[in-house]
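One structure is given here, and the rest of the page talks about it.
Not measured: the values here are computed from a predicted model.
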Amino acid sequence: MTRAALITALAIGFVFGLLCAVDPQLDLDLAAVGFDSSRHLFVVNAQPWAQHTRLAARILIALLALPAFLAILLKLIWPHRPMLIEARAALFLIATLALGPGLLTNVILKDHWGRPRPIDVRQFGGDYRFEPWWDPRGDCPNNCSFIAGEPSGAFWTLAPAALAPPPLQHFFSDVVFAGVLMYLVVWTVHGLIYRWRATRLNEKALEDWLGRAGVWLCGIARRLTGQGEKASQ
């Protein structure tokens with residue numbers, strides 16, 4: 001999470017974004033490599049294993065995020081017990097997953113940036129006109145191509161991106177910006193929680209706050225179930 005890494009990510013986004021903006025045909029040419037015109041389909045999509053990659057990526061992401069959710073949940077249930085993992089780490093994982101693949105990718109971009117997927121454009125037998133990555137005025141109504149959803153989740157892990165193959169119904173620029181934008185989200189939230197003096201969180205203070213929240217929630221639960229009244233009788 002260094003400044004040099006941030007500059008590298010921004011440079012990659014600028015270079016490839018500029019290339020695909022100046023020459024939008026590049027996206028089509030790269031997508032055409034995996035398209036079988038005789039069968040009117042993308043070769044990767046026809047492979048039996050390819051249909052399982054989306055599920056595999058989601059399972060992997062869920063497994064990686066599960067300890068963070070469990071750590072906070074168990075702290076709220078048993079406020080006086082130490083957390084399974086560091087409180088800041090749990091918050092960091094949950095926040096980046098929610099802000100990156102959750103909010104930025106699936107809520108803000110994919111449902112409002114009308115770029116059709118390769119399989120839906122006329123050049124590959126679809127009904128929609130092709131749009132360069134920078135133009136949100138496409139025909140796609142929702143769950144569109146920009147940015148790539150599964151690669152966004154995979155890039156959130158910063159490791160097993162290969163589980164969501166880039167050619168799987170996305171243009172090259174969709175995947176590039178998925179990586180760049182997810183890195184920017186992770187870099188920013190990491191700075192807010194760990195690095196920047198004005199905002200970084202104190203581990204003990206955060207865990208104590210979660211403990212107090214757990215005590216408060218447990219008190220509400222006891223009152224709702226009548227256990228508090230029974231204890232006082």
What distance separates [X] [atom1] from [Y] [atom2], expressed to the nearest 0.5 Å?
X: Leu66; Y: Leu73; atom1: CG; atom2: CG; result: 10.0 Å
X: Asp120; Y: Arg117; atom1: CG; atom2: CZ; result: 7.5 Å
X: Leu91; Y: Glu207; atom1: CG; atom2: CD; result: 13.0 Å
X: Leu10; Y: Trp187; atom1: CG; atom2: CH2; result: 8.5 Å
X: Asp139; Y: Phe130; atom1: CG; atom2: CZ; result: 13.0 Å
X: Leu6; Y: His190; atom1: CG; atom2: NE2; result: 13.0 Å

Between [X] and [Y], is there shared hydrophobic-cluster membership here, with clusters defined by ILVMFWY side-chain heavy atoms closer than 4.5 Å?
X: Val43; Y: Phe124; result: no
X: Tyr128; Y: Leu28; result: no
X: Trp134; Y: Phe177; result: yes
X: Ile193; Y: Met182; result: yes
X: Leu201; Y: Leu192; result: yes

With a 4.5 Å limit on heavy-atom distance, are the side chains of [X] and [Y] in contact?
X: Leu210; Y: Met83; value: yes
X: Val121; Y: Arg129; value: no
X: Val175; Y: Phe155; value: yes
X: Leu184; Y: Leu181; value: yes
X: Asn142; Y: His112; value: no

Salt bridge flag under 4.0 Å for residues Asp208 and Lys204:
yes

Any salt bridge linking Asp36 with Arg39? Criterion: basic side-chain nitrogen under 4.0 Å from a carboxylate oxygen.
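Between Arg39 and Asp36 there is a salt bridge, with a charged N closer than 4.0 Å to a carboxylate O.
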
Looking only at heavy atoms, what is the nearest atom pair of [X] and [Y], with distance?
X: Leu76; Y: Ala213; answer: CD2-CB, 3.8 Å
X: Asp27; Y: Cys20; answer: OD1-SG, 4.1 Å
X: Ile85; Y: Ala68; answer: CD1-CA, 3.8 Å

Does the cation-pi check pass for Arg137 over Trp113, that is, NZ or CZ under 6.0 Å from the six-membered ring centre and within 45° of its axis?
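No, Arg137 does not sit over the ring of Trp113.
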
Quick check with a 6.0 Å cut-off and a 45 degree axis cone: is Arg200 positioned over the face of Trp196's six-membered ring?
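Judged by the rule (NZ or CZ under 6.0 Å from the ring centre, within 45° of its axis), Arg200 is not positioned above Trp196.
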
Taking the six-membered ring for Trp, are Phe171 and Phe146 ring centroids under 6.0 Å apart?
no

Which side-chain N or O atoms in residues 93-111 pair as donor and acceptor under 3.5 Å with protein atoms at least two apart or in another chain?
residue, atom, partner, partner atom, Å
Thr96, OG1, Phe92, O, 2.8
Thr96, OG1, Leu93, O, 3.1
Thr96, OG1, Trp156, NE1, 2.9
Thr105, OG1, Gly100, O, 3.3
Thr105, OG1, Ser152, OG, 3.2
Asn106, ND2, Pro101, O, 2.5
Lys110, NZ, Cys144, O, 2.5
Lys110, NZ, Ile147, O, 3.2
Asp111, OD1, Asn143, N, 2.8

Answer yes or no: is there a donor N or O on one side and an acceptor on the other, between the side chain of [X] and the main chain of [Y], under 3.5 Å?
X: His170; Y: Ser145; answer: yes
X: Glu131; Y: Pro136; answer: no
X: Thr188; Y: Val185; answer: no

Will you find, in the side chains of Ser173 and Arg115, an N or O donor that is under 3.5 Å from an N or O acceptor?
yes

Counterpart residues, side-chain hydrogen bond (donor to acceptor under 3.5 Å, both in side chains), relative to Asp29 (two or more places apart):
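Partners of Asp29 under the side-chain hydrogen bond (donor to acceptor under 3.5 Å, both in side chains) test: Gln25.
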
